[in-house]
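Okay, structure first, notes after.
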Number of protein chains: 2
Amino acid sequence: MKEVNKHQKIIKAAVKVFAEKGFYNARVSEIAKEANVADGTIYLYFKNKDDILISLFEEEFGKLVENMRKEINKEKDALQKIKRFAVSHLSFVAKQQQLAEVFGVEVRQSSKFMKEYVNKPFIEYLNLIRSVVIEGQEAGLIRKDLTPGIMKRAVFGALDEMSRYWVLSSKKKHSVDEAALQISDVFIWGMMSEEARKNYPWSNG
Amino acid sequence: MKEVNKHQKIIKAAVKVFAEKGFYNARVSEIAKEANVADGTIYLYFKNKDDILISLFEEEFGKLVENMRKEINKEKDALQKIKRFAVSHLSFVAKQQQLAEVFGVEVRQSSKFMKEYVNKPFIEYLNLIRSVVIEGQEAGLIRKDLTPGIMKRAVFGALDEMSRYWVLSSKKKHSVDEAALQISDVFIWGMMSEEARKNYPWSNG
DNA sequence: ATTGAATGAATGATTATTCATTCAACAGTT
DNA sequence: AACTGTTGAATGAATAATCATTCATTCAAT
């Protein structure tokens with residue numbers, strides 16, 4: 001049976017099962033069932049259960065990083081890039097809930113125990129923010145007393161916690177769009193240099 | 001042998017083992033060994049392995065919430081409370097690394113526990129921030145267009161991501177104190193109302 | 001006839017949990 | 001103070017269940 005890409009089919013099934021059950025409570029047999037392949041077939045495409053998670057992360061998160069890089073480059077000033085980052089991040093979460101759940105809830109936790117595996121795509125993602133902060137400081141838009149390495153974690157953390165709420169809660173009281181705007185707005189005003197606050201052409205809304 | 005509180009001894013051992021290995025890779029027998037009790041003794045004090053994690057969370061996080069409530073009440077204006085929250089949160093992380101690791105990495109990120117176990121103490125902790133935001137809005141210090149339910153997640157998320165970096169990284173490039181100050185400063189400036197920005201007696205440093 | 005992708009039942013390891021047994025502490029009795 | 005019975009906390013070897021992984025076999029395609 002020359003079929004569609006099994007690797008991809010298994011990854012897709014794994015996203016679903018990992019999101020529903022969590023990595024440790026996910027059964028390889030259930031992923032196989034979801035992907036419509038035999039249990040053993042998984043092992044023709046992946047070394048083991050860990051490898052499914054790692055591959056899925058490398059591949060899918062890799063795409064996300066590339067996509068985000070393009071998104072923020074649509075803006076030319078650093079403060080607008082922050083806003084674009086927030087909106088894109090949360091829009092991805094809303095569109096790809098299961099994947100977001102695996103990224104946010106499972107991977108960073110699990111990666112701790114996969115000693116060898118340094119989470120390259122994740123670090124890259126964080127460093128997109130860091131670059132924007134540095135760029136903003138060089139342009140005089142962002143306060144120079146702020147450490148880019150701290151700010152990248154603050155911005156990402158704020159968005160990530162919001163994502164977790166969005167993905168895990170069933171109620172979804174706040175809209176993700178509204179959250180993205182409010183969070184980026186607070187960071188923009190909070191990080192903006194004194195000078196920029198006077199001159200920057202800002203129509204807050 | 002009438003001994004010291006075994007319940008407490010087991011919890012303490014569990015914190016250490018969970019922090020080192022993660023919940024799913026932690027062995028009950030290892031917790032027993034660490035606590036100097038027999039494997040079976042654990043089951044005289046806890047229903048099962050899950051129950052160890054849940055109890056530890058309820059008890060230890062409960063203390064943290066109470067402590068934080070006292071801390072922020074040392075300040076009387078909302079913006080200073082935000083700062084105090086940030087400093088206390090990260091100072092706790094630095095002082096109780098293993099416990100912080102279990103709180104941050106194991107409990108909150110484990111979708112199994114987030115989904116099946118409604119995390120009362122955690123919600124209470126978040127709502128401390130929410131109350132402060134509301135208080136600040138009522139006093140005219142904080143912009144009224146910001147949703148307290150979004151802000152509580154943004155502030156907590158920023159601090160939490162910083163904590164995760166701090167506990168998991170071995171390098172510890174940034175000091176936690178510095179991080180707390182920068183993060184709270186950005187939030188304070190970002191959330192402050194136009195009016196407060198003019199009148200508030202602020203010595204930024 | 002040959003190949004090798006795919007299968008899924010069987011295997012082997014791992015571990016949470018149980019429970020028959022031990023033993024220290026104390027109370028009552030002589 | 002010595003002996004005996006009772007209690008229940010503590011033990012840890014044995015159990016039972018769960019799953020990741022394997023591999024002998026099948027079978028579709030060429």
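In the text below, chain A, chain B and the rest are named by the order of the sequence lines, each starting its count at 1.
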Query raised in the report: How is B:Tyr45 classified with respect to the nucleic acid when contacts are heavy atoms under 4.0 Å: base, sugar-phosphate, or nothing?
Result: sugar-phosphate
Report task. Test A:Val133 against every option in A:Gln137, A:Arg130, A:Glu135 by the side-chain contact (heavy atoms from CB on, under 4.5 Å) rule and name the one that passes. Result -> A:Gln137
Report task. State whether B:Phe23 and B:Lys49 meet the cation-pi test: NZ (Lys) or CZ (Arg) under 6.0 Å from the six-membered ring centroid, and within 45° of the perpendicular axis. Result ->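 Yes, a cation-pi geometry.
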Query raised in the report: Does A:Lys6 make a side-chain N or O approach to OP1 or OP2 of C:dA6 shorter than 4.0 Å?
Result: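 Indeed, a polar side-chain atom of A:Lys6 lies that close.
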Query raised in the report: Taking only N and O in the side chain of A:Arg27, is any of them less than 4.0 Å away from OP1 or OP2 of D:dA20?
Result: yes
Query raised in the report: When you measure from the side chain of B:Ser175 to the backbone N and O of B:Glu178, does any donor-acceptor pair fall under 3.5 Å?
Result: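 Here the side-chain-to-backbone pair exists.
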Closest listed nucleotide, where the reference is the side chain of [X] and the choices are [options]:
X: B:Asn48; options: C:dT17, D:dT21, D:dT11; result: C:dT17
X: B:Tyr43; options: C:dT17, C:dA5, D:dA9; result: C:dT17
X: A:Val28; options: D:dA10, D:dT21, C:dT7; result: D:dT21

Take atom [atom1] of [X] and atom [atom2] of [N], then tell me their distance rounded to the nearest Å.
X: A:Phe46; N: C:dA6; atom1: CZ; atom2: C1'; result: 15 Å
X: B:Ile31; N: C:dT15; atom1: CD1; atom2: P; result: 13 Å
X: B:Lys33; N: D:dA13; atom1: NZ; atom2: P; result: 13 Å
X: A:Tyr24; N: C:dT15; atom1: OH; atom2: C1'; result: 15 Å
X: B:Lys49; N: D:dT18; atom1: NZ; atom2: C1'; result: 13 Å
X: A:Ile42; N: D:dT22; atom1: CD1; atom2: P; result: 13 Å
X: B:Glu30; N: D:dG12; atom1: CD; atom2: P; result: 17 Å
X: A:Lys47; N: D:dT22; atom1: NZ; atom2: C1'; result: 16 Å

**Report entry** Min side-chain heavy-atom separation A:Asn48-A:Ile42 under 4.5 Å
**Finding:**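 No, too far: nothing below the 4.5 Å cut-off.
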Query raised in the report: How about A:Ile82 and A:Met191: do any of their side-chain heavy atoms sit closer than 4.5 Å?
Result: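 Of all side-chain heavy-atom pairs linking A:Met191 with A:Ile82, at least one is under 4.5 Å.
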Requested in this report: Would you please classify the geometry between the A:His89 ring and the A:Phe85 ring as parallel, tilted or perpendicular, with 30° and 60° separating the classes?
Outcome: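 Ring orientation, 0 to 90° scale: parallel.
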Query raised in the report: Do the ring planes of A:Phe61 and A:Phe103 sit parallel (below 30°), tilted (30 to 60°) or perpendicular (above 60°)?
Result: tilted
Query raised in the report: End-to-end bend of the helix from C:dA1-D:dT30 to C:dT30-D:dA1 (five-pair axes, 10° rounding)?
Result: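 Rounded value for the end-axis angle: 10°.
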